[in-house]
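Computed from a predicted structure; not experimentally measured.
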2 protein chains.
Amino acid sequence: MVGAMVGAMEPPVDEHELMRRARALGGRTVPEVAQMLGVPLPRRPGRAKGFVGQLAERALGGACDSRVGPDFAELGVELKTLPVDGRGRVRESTFVCTAQIAGASELDWSTSRVRRKLARVLFLAIRADLPPAERRFGAAFLWSPDAAQEAQLRADWEDLMGAVAIGQVEAIDARRGEVLQLRPKGANAAARTLAFDAEGAPILSAPKGFYLRSRFTAGLWRGASLWA
Amino acid sequence: MVGAMVGAMEPPVDEHELMRRARALGGRTVPEVAQMLGVPLPRRPGRAKGFVGQLAERALGGACDSRVGPDFAELGVELKTLPVDGRGRVRESTFVCTAQIAGASELDWSTSRVRRKLARVLFLAIRADLPPAERRFGAAFLWSPDAAQEAQLRADWEDLMGAVAIGQVEAIDARRGEVLQLRPKGANAAARTLAFDAEGAPILSAPKGFYLRSRFTAGLWRGASLWA
DNA sequence: ACGGATCCATCATTGGATCCAG
DNA sequence: CTGGATCCAATGATGGATCCGT
């Protein structure tokens, strides 16, 4: 059955198929899955921070070339790996998407990228407390925000983007937002993107991304486990 | 004196210095100059279409990292290689810059990239009728458009960009324009960029670049030769 | 001859995230 | 713990132009 994963893979036809594939990854190590897919391992694991996420996407039949839309476009499902330790604790925040700093005032929650990305998410746990060669996939669960979660996300999004829209981008830091935060997202601390200050004058500011706090995804993980 | 060209080179301090360096290239072959600069030759010459131009820029002390502004920013001078044959005939049109298709209606000649690029140009002839290993640099001359030339360029630019601005981009071909033409400029015929049709609806259209007709640059070449 | 098609290198941006100092 | 910094691969643009079929 291992051979069934090798080579080009059709996209999953529905969520059940997607979940079957995700569960089939459970227990397998990262090097195992890479070999099944014929993907070379990075020379220095730990530097290739996105490798496991992209490996998972390929392993599930995702469209690795699509730069717009969800990872599984026809299902409307986003894939996110969730780094956990042996006791099931979430180790890291979860990157959602980059923030549009310039033009923030023209955006609203209902059409926001954060809302679209989080409308339907397949979380795939990965043991992040082991050495790279032993890292293995764990449980998988599908999630959509319930009313209370969406309200929290929306409140944070509107607070953060509202601040950006009135030129406060430089005053925002990662402490703001209960479940959703804005953090630097770029090649390094010198990265800059177009923004506007409180007077509306163009400035160059650090690019930012939206992240889910680990406290929040930990709650999703515990909730999902009840049904596992 | 050949050794003086090796290694990192200061930008030329003025046009005279730039011209001295350009004349010093005259008669040298492309492989010679590449070796002087320690630049490896492309494996398949003829495929690396921009190689000679970039080699020339380095040989003259240009800023190869600057993506905005003229090649010799402090002098306001653009470098263009001019492919000629043994009898001094110009073999190719000269690429000027890419055309801004979306938003064309907000542009005008006085601030256009075409006008800025052509305000001051160092043309460096290169024998293009020889095999790659024997191609050699020839005469160099500085040019700025005179009143009549600028009027021609402006008329063509306004005709072409006017057509783009009213959504006629798909109807424009390389036959239009007396001295300046619009031609495809992209990876291949499938390349597409944002444009707007006559109704103002967004469409995807082939990216275009401005080119000087060889008839025009041939005239500059002959004019310059009178003074050589 | 020349209009349309193409080629390469480099830089910038985006999407995938984890690293690490205090 | 966690806020700020960073890393890699792949894609897209841009700048340098010449190639080539009709």
Which whole-number value in Å describes the distance from [X] [atom1] to [N] [atom2]?
X	N	atom1	atom2	answer
A:Asn188	D:dG3	CG	C1'	17 Å
A:Gln100	C:dT14	CD	C1'	12 Å
B:Gln54	D:dT14	CD	C1'	11 Å
A:Glu57	C:dT14	CD	C1'	13 Å
A:Arg135	C:dC19	CZ	C1'	10 Å
B:Tyr211	D:dG16	OH	C1'	10 Å
A:Phe95	C:dT18	CZ	C1'	13 Å

Salt-bridge present (B:Arg120, B:Glu15; N to O < 4.0 Å):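 A salt bridge links B:Arg120 with B:Glu15.
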
Electrostatic pair B:Arg176-B:Asp159, nearest N-O below 4.0 angstrom: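 Here B:Arg176 pairs with B:Asp159 in a salt bridge, since their nearest N and O are under 4.0 Å apart.
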
[X] vs [N]: side-chain N/O to OP1/OP2 distance below 4.0 Å:
X	N	value
B:Gln181	C:dG3	yes
B:Lys117	D:dG16	yes
B:Arg44	C:dC8	yes
B:Ser93	C:dC2	no
B:Thr98	D:dG15	yes
A:Arg113	C:dG15	yes

Of A:Arg91 and A:Pro42, the one whose closest DNA chain D nucleotide lies more 5':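 Whichever sits nearer the 5' end wins; that is A:Arg91.
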
B:Leu82 or A:Lys49, whichever maps to the more 5' nucleotide of DNA chain D: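 This one resolves to A:Lys49.
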
Given [options], identify the nucleotide with an atom nearest to the side chain of [X].
X	options	result
B:Arg215	C:dG16, C:dC7, C:dC2	C:dC2
A:Ala174	C:dT18, D:dG4, D:dT18	D:dG4
A:Asp173	D:dC8, D:dG4, D:dT6	D:dG4
B:Arg175	D:dT18, C:dA5, C:dG4	C:dG4

Using a 4.0 Å heavy-atom cut-off, does [X] contact any base of the nucleic acid, only the sugar-phosphate backbone, or nothing at all?
X	value
B:Gly209	nothing
A:Lys80	sugar-phosphate
B:Gly50	base

Student check: side-chain heavy atoms of A:Arg127 and A:Arg136 closer than 4.5 Å: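 They are in contact (side-chain heavy atoms under 4.5 Å apart), so the answer is yes.
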
No-H, no-angle donor-acceptor pair, [X] side chain to [N] base, under 3.5 Å:
X	N	value
B:Lys208	C:dG4	no
B:Glu92	C:dC2	no
A:Arg183	C:dT18	yes
B:Lys185	C:dG4	no

Exercise: identify the closest heavy-atom pair between A:Pro202 and A:Leu194: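 Minimum heavy-atom separation between A:Pro202 and A:Leu194: CB-CD1, 4.0 Å.
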
Shortest non-hydrogen contact between B:Val164 and B:Ile172, atoms and distance: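 Answer, listing the atom of B:Val164 first, then B:Ile172: CG2-CD1, 3.6 Å.
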
A:Glu57 side-chain N/O to A:Gln54 backbone N/O, donor-acceptor pair under 3.5 Å: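 Judged by distance alone, no pair lies under 3.5 Å.
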
